[in-house]
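Everything on this sheet refers to the single structure shown next.
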Protein chains: 2
Amino acid sequence: MATTRIIDDDRLTAVGLLVEVHRGLTQKFAARLARHGLSENELEIMLRLGRTPNTQLRMSDLAAQTSLTTSGVTRVVDRLERAGLVVRASCDTDRRGTWAVLTDAGLERVTAAVADHMEDVDRWYTGLLTPEQLAALTEALRIVRDTVRPEAVAGVAEAARARPRVDV
Amino acid sequence: MATTRIIDDDRLTAVGLLVEVHRGLTQKFAARLARHGLSENELEIMLRLGRTPNTQLRMSDLAAQTSLTTSGVTRVVDRLERAGLVVRASCDTDRRGTWAVLTDAGLERVTAAVADHMEDVDRWYTGLLTPEQLAALTEALRIVRDTVRPEAVAGVAEAARARPRVDV
DNA sequence: TAACAATGGTTGACGGCGCAAGATATTGAA
DNA sequence: TTCAATATCTTGCGCCGTCAACCATTGTTA
């Protein structure tokens, strides 16, 4: 009766599947993103900025949303700023804070990258499943997400309230 | 009609959910694994060795299964060997190759780590879903996995055929 | 108002992993 | 048989992101 070993537990396999799918997709996506000059983290940060009213978020909110450390966000934004895709702007109401603001060039870049990217998403993920399967998958993931990462929407309300910056 | 922007596409959100769940779980799991002195990659390598007949796999098969590069596997196995959890053994039939063999101490360690780990898996993942939801999730993931990582079972047959090493 | 904790962000040191090149072994074709 | 092409593994180097220490600012308590 070798099948009772704990290292063969089904629940472990369920985790393994999730990990393998994540890795596989990441690899499939990486090449095309690289052609747009973006890493996964860079794309995600720009996406979150692009989806926010006024296309700006505080550094610490980006950290909370992405589960990078604030240090990691500093370095990603450093690179994006060097590339002209993001600028930093000081925060009027709290002079400790810094907004990361998506530039026009940044919005353009992320839009182009995503338009292209979508082909991969379709081919390697959403397109492989029936609408019912995809809906079930998404629902299950959402349940888990809401438990393991409840902080994933930090800062959006504040950013909408902030005065938009026109000098970008 | 701002909702037609491509960066708000639903399929992108589906990917985002997967990524967030993966990250969230990874973080939840990391602390307990660290208490057993193991990183996620180290655990996975030991798990795959432990599940294989004779508890051994070629370096290159480990690379294929884990989507680390062979270089990455070399370094992980270096650490595990230094810790006495794995040993390298030369491969009689192809002298280019190297077996990574789980030691008794290694099997003990991974078993203890997994037993403990399972509590987290249950709490943050499988336990959050009904059996039906979990089954649907697993099925959908398996479909995607089989497409994006068809090579995920490399080397198991060969390892079973190889003469077991008693001098571990 | 002074003192001190808490928060936001950056920086230096460091570790992990990928890339590309190298050493060794195997395979195949002439 | 011999030599080129290929496969396996390791190593030097560099990038990326974490950790911990740090500075600046804000909030709190007395």
Side-chain angles (χ1 to χ4, degrees), chain A residues 19 22-24 26-31 33-34 37-45 56-83 86-101 151 154-155 158-159 162, chain B residues 19 22-23 26-27 29-31 33-34 37-45 56-83 86-101 151 154-155 158-159 162:
Chain A
V19 172
H22 176 260
R23 281 191 193 151
T26 296
Q27 284 193 339
K28 295 292 185 193
F29 294 164
L33 292 183
L38 296 177
S39 72
E40 196 186 346
N41 277 338
E42 289 160 357
L43 177 72
E44 180 176 2
I45 293 238
Q56 57 183 357
L57 280 168
R58 296 273 304 263
M59 299 294 281
S60 49
D61 293 325
L62 281 172
Q65 291 187 17
T66 58
S67 66
L68 289 173
T69 61
T70 62
S71 167
V73 172
T74 292
R75 297 180 203 276
V76 174
V77 171
D78 280 350
R79 292 198 297 274
L80 294 175
E81 194 164 25
R82 244 177 277 129
V86 160
V87 291
R88 275 177 240 243
S90 57
C91 177
D92 295 338
T93 62
D94 184 344
R95 277 161 38 207
R96 290 168 303 183
T98 305
W99 295 107
V101 190
E151 72 283 13
E158 292 81 348
Chain B
V19 172
H22 176 259
R23 280 190 195 153
T26 297
Q27 284 192 338
F29 294 163
L33 292 183
L38 295 177
S39 73
E40 198 187 344
N41 278 338
E42 288 160 358
L43 177 72
E44 181 176 1
I45 294 246
Q56 58 183 357
L57 279 169
R58 298 273 303 264
M59 301 293 282
S60 50
D61 293 326
L62 282 172
Q65 291 187 17
T66 57
S67 69
L68 290 173
T69 61
T70 60
S71 165
V73 172
T74 291
R75 295 174 208 279
V76 174
V77 170
D78 280 350
R79 292 198 296 275
L80 294 175
E81 194 165 26
R82 244 177 277 130
V86 161
V87 292
R88 274 177 240 242
S90 56
C91 177
D92 295 338
T93 61
D94 183 342
R95 276 159 40 206
R96 291 169 303 182
T98 306
W99 295 107
V101 190
E151 71 283 15
E158 291 81 349

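In what follows, chains are A, B, ... by sequence order, proteins preceding strands, each numbered from 1. The model shown is predicted, which means the values in this text are computed figures rather than measured ones.
The interatomic distance linking E44(B) (CD) with dG16(C) (C1') rounds to 15 Å, in whole Å. Computed from coordinates, the R88(A) CZ to dA24(D) P distance equals 17 Å when rounded to whole Å. Straight-line distance from the CG atom of D92(A) to the P atom of dG8(C): 17 Å, rounded to whole Å. One atom, CE of M59(B), and another, P of dT11(D), lie 10 Å apart when rounded to the nearest Å. Protein atom CG of D94(B) is 12 Å distant from nucleotide atom C1' of dT6(D), rounded to whole Å. Rounded to an integer number of Å, the gap from CZ of R23(A) to C1' of dG16(C) is 13 Å. The interatomic distance linking I45(A) (CD1) with dG9(C) (P) rounds to 12 Å, in whole Å.
Using a 4.0 Å heavy-atom criterion, one finds that T74(A) contacts the bases of the nucleic acid, with or without backbone contacts as well. Residue D78(B) is classed as having no contact, given no heavy-atom separation below 4.0 Å to the nucleic acid.
No side-chain heavy atom of N41(A) sits less than 4.5 Å from a side-chain heavy atom of T66(A). Between S67(B) and Q27(A) there is a side-chain heavy-atom pair separated by less than 4.5 Å. Here the side chains of L62(B) and L68(B) are not in contact, with every heavy-atom distance at 4.5 Å or above. At least one side-chain heavy atom of R88(B) sits under 4.5 Å from a side-chain heavy atom of V77(B).
Under the side-chain contact (heavy atoms from CB on, under 4.5 Å) test applied with M59(B), the options T98(B), T70(B), V76(B) reduce to a single match, T98(B).
Residues G97(B) and T93(A) each lie close to DNA chain D; by heavy-atom proximity, the contact nearer the 5' end of the strand is made by G97(B). Taking the nucleotide of DNA chain C with the nearest heavy atom to each of T98(A) and Q27(A), the more 5' of the two is matched to T98(A).
E42(A) places a side-chain N or O within donor-acceptor distance of the main-chain N or O of S39(A), the cut-off being under 3.5 Å.
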Please write out the pairs of protein N or O atoms and N or O atoms of nucleotides 12-19 of chain D separated by less than 3.5 Å, giving the distance to one decimal.
{"from": "dG12(D)", "atom 1": "O6", "to": "R75(B)", "atom 2": "NH2", "distance (Å)": "2.3"}
{"from": "dG17(D)", "atom 1": "OP1", "to": "N41(A)", "atom 2": "ND2", "distance (Å)": "2.4"}
{"from": "dG17(D)", "atom 1": "OP2", "to": "R79(A)", "atom 2": "NH1", "distance (Å)": "3.4"}
{"from": "dG17(D)", "atom 1": "OP2", "to": "R79(A)", "atom 2": "NH2", "distance (Å)": "2.9"}
{"from": "dT18(D)", "atom 1": "OP2", "to": "T69(A)", "atom 2": "N", "distance (Å)": "3.2"}
{"from": "dT18(D)", "atom 1": "OP2", "to": "T69(A)", "atom 2": "OG1", "distance (Å)": "2.7"}
{"from": "dT18(D)", "atom 1": "O4", "to": "R75(A)", "atom 2": "NE", "distance (Å)": "3.2"}
{"from": "dT18(D)", "atom 1": "O4", "to": "R75(A)", "atom 2": "NH2", "distance (Å)": "3.1"}
{"from": "dC19(D)", "atom 1": "N4", "to": "S71(A)", "atom 2": "OG", "distance (Å)": "2.8"}

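Residue R58(B) places no side-chain N or O under 4.0 Å from the OP1 or OP2 atom of dA7(D).
In this model, a side-chain donor or acceptor of R96(A) finds a partner on the base of dT7(C) within 3.5 Å.
With salt bridges taken as basic N to acidic carboxylate O contacts below 4.0 Å, one links E44(A) and R23(B).
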